[in-house]
Amino acid sequence: MQEITALIRNIPDFPEPGIQFKDITPLMKEPKALKLAVLELIKPFINEDINYVAGMEARGFIFGSLAAAELGVGFIPLRKPGKLPYDVKSLSYDLEYGSASLEIHTDAVDSADRILLIDDLIATGGTAAASCQLIEQAGGEIAGCAFVIELDFLNGREKLANHQVHSLIHY
Ligand code: AMP
């Protein structure tokens, strides 16, 4: 895990004063450490019945797609408003900085699909909670939520209290 932690760069005051932004681009440049991060992300779920991985725009796409390929399942994107071309369901939520909305295609999830949700980082948990809600509203079941980074002091996992939450690195 030290190898992965060493490749996460802290950028103070980005995108606004007071935010310590955790930059995962150095990790993305190192194929061995990146692969290790993906294997560690899916480890608790490897023997579970997972139909899809879902990931949030934009950095959830990177880890989510790699995790889906490792698990041999498909990937479902949760996107910012106005990006998905077909019929969508939307949900608004609060962020550590500001507020946001996410959308999912109405036909992305079939009822009884079991979905592993993946993002680079959980902060307040608003993004992940909204994603779980969108998937559950579509009839899917959340098999678990996995993050490379968790900002423990923001207690984001409390918003995901009824789901299994797995994070690799804690700040
Ligand atoms: P939240 O909804 O507060 O849990 O925020 C999580 C989402 O915002 C994730 O998609 C992260 O990529 C992004 N995010 C929030 N805070 C940070 C941070 N300090 N560093 C990097 N990304 C962050």
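In what follows, residues are counted from 1 in the order of the sequence shown. Heavy atoms only: backbone and side chains are in, while hydrogens, waters and symmetry mates are out.
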Check: residues 62-71 side-chain donor-acceptor pairs under 3.5 Å, at least two apart:
| from | atom 1 | to | atom 2 | distance (Å) |
| --- | --- | --- | --- | --- |
| Ser65 | OG | Phe61 | O | 2.7 |
| Glu70 | OE2 | Lys35 | NZ | 3.1 |

(message) Counting C-beta onward and ignoring hydrogens, is there a side-chain heavy-atom pair between Leu134 and Leu78 closer than 4.5 Å?
(response) yes
(request) Inspect the surroundings of CG in Asn47 and state if more than 12 heavy atoms from other residues, nucleotides or ligands are less than 6.0 Å away. (result) no
(message) Could you check whether any side-chain N or O of Asp87 sits under 3.5 Å from a backbone N or O of Thr106, counting only pairs where one atom can act as donor and the other as acceptor?
(response) no
(message) Can you confirm whether Tyr171 sits close enough to Lys22 that some side-chain heavy atom of one is under 4.5 Å from a side-chain heavy atom of the other?
(response) yes
(message) To check you understand the geometry: which heavy-atom pair defines the closest contact between Tyr86 and His105, and what is its length?
(response) N-NE2, 2.9 Å
(request) Would you please say whether a donor-acceptor pair under 3.5 Å links the side chains of Glu150 and His166? (result) no
(request) Check whether any side-chain N or O of Thr124 sits under 3.5 Å from a backbone N or O of Gly126 as a donor-acceptor pair, and report yes or no. (result) yes
(message) Quick one, Val148 and Leu41 - any side-chain contact, counting heavy atoms below 4.5 Å?
(response) yes
(request) Go through the steps for Leu91 and Gln137 under the test side chain to side chain contact (heavy atoms under 4.5 Å, CB included), then give the verdict. (result) CA-CA 10 Å; Leu91 205 65; Gln137 281 172 7; 4.3 Å; yes
(message) Contact between Ile11 and Arg9 at the side-chain level, heavy atoms closer than 4.5 Å - yes or no?
(response) yes
(message) Restricting to non-hydrogen atoms, name the atom on Ala123 and the atom on Leu151 that form the minimum distance, rounded to 0.1 Å.
(response) CB-CD1, 4.0 Å
(message) If hydrophobic clusters are built from ILVMFWY residues whose side chains come within less than 4.5 Å, do Phe75 and Ile46 share one?
(response) yes
(request) For residues Asp13 and Gly18, report the shortest heavy-atom separation together with the two atoms involved. (result) OD1-N, 2.8 Å
(message) What I'd like to find out is whether the side chain of Asp119 reaches to under 4.5 Å of the side chain of Thr127, using heavy atoms alone.
(response) yes
(message) What I'd like to find out is whether the side chain of Glu48 reaches to under 4.5 Å of the side chain of Gln164, using heavy atoms alone.
(response) yes
(request) Tell me whether Leu168 is reachable from Leu160 by hopping between hydrophobic residues (I, L, V, M, F, W, Y) whose side-chain heavy atoms are closer than 4.5 Å. (result) no
(message) Can you tell me which residue among Ile115, Asn162, Leu117 is in a side-chain contact (heavy atoms from CB on, under 4.5 Å) with Cys132?
(response) Leu117
(request) Report yes if the side chains of Lys32 and Leu36 come closer than 4.5 Å at any heavy-atom pair, otherwise no. (result) no
(request) Using the side chain to side chain contact (heavy atoms under 4.5 Å, CB included) rule, take Ser131 and Leu102 through it: C-alpha gap first, then chi angles, then the decisive distance, then the call. (result) CA-CA 7 Å; Ser131 302; Leu102 274 181; 3.2 Å; yes
(message) As an exercise, state the distance from CD1 of Ile122 to OG of Ser167, rounded to the nearest 0.5 Å.
(response) 6.5 Å
(request) Please name the pair of heavy atoms, one in Phe45 and one in Gly144, separated by the smallest distance, quoted to 0.1 Å. (result) CE2-CA, 3.7 Å
(message) Taking Leu121 as the starting point, is it possible to reach Ile24 by hopping between hydrophobic residues whose side chains are less than 4.5 Å apart?
(response) yes
(message) As an exercise, state the distance from CG of Leu34 to CG of Leu27, rounded to the nearest 0.5 Å.
(response) 5.5 Å
(message) Is there a path of hydrophobic side-chain contacts, each under 4.5 Å between heavy atoms of I/L/V/M/F/W/Y residues, joining Ile104 to Ile142?
(response) yes
(message) Test side chain to side chain contact (heavy atoms under 4.5 Å, CB included) on Lys89 and Gln133; report intermediate values, then the result.
(response) CA-CA 11 Å; Lys89 270 178 176 292; Gln133 237 177 301; over 6 Å; no
(request) Apply the test side chain to side chain donor-acceptor pair (under 3.5 Å) to residues Ser101 and Ser92: give CA-CA distance (whole Å), side-chain angles for both, the deciding distance (0.1 Å), then the verdict. (result) CA-CA 4 Å; Ser101 298; Ser92 297; 2.9 Å; yes
(request) Could you pull out the closest heavy-atom pair between Ala33 and Ile4, with the gap in Å? (result) O-CG1, 4.1 Å
(message) Between the side chains of Glu103 and Lys83, is the shortest nitrogen-to-carboxylate-oxygen separation below 4.0 Å, so that they form an ion pair?
(response) no
(request) Decide yes or no for Tyr52 and Arg114: does some side-chain heavy atom of the first lie under 4.5 Å from some side-chain heavy atom of the second? (result) no
(message) To the nearest 0.5 Å, what is the distance between CG on Asp107 and CD1 on Ile76?
(response) 9.5 Å
(request) Determine, stepwise, if the pair Lys43 / Leu39 fulfils side chain to side chain contact (heavy atoms under 4.5 Å, CB included). (result) CA-CA 6 Å; Lys43 210 181 211 171; Leu39 293 178; over 6 Å; no
(message) Using 0.5 Å steps for rounding, measure from the CZ atom of Arg59 to the CG atom of Asp23.
(response) 8.0 Å
(request) Kindly give the heavy-atom pair with the smallest separation between Ile118 and Met56, and that separation in Å. (result) O-SD, 3.6 Å
(request) Please round to the nearest 0.5 Å and tell me the distance separating atom CD1 of Ile19 and atom CG of Asn10. (result) 11.0 Å
(request) State plainly whether one hydrophobic cluster holds both Ile42 and Met1, where clusters connect Ile, Leu, Val, Met, Phe, Trp and Tyr through side-chain heavy atoms under 4.5 angstrom apart. (result) yes
(request) Could you tell me the separation between the OG1 atom of Thr25 and the NZ atom of Lys29, rounded to the nearest 0.5 Å? (result) 8.0 Å
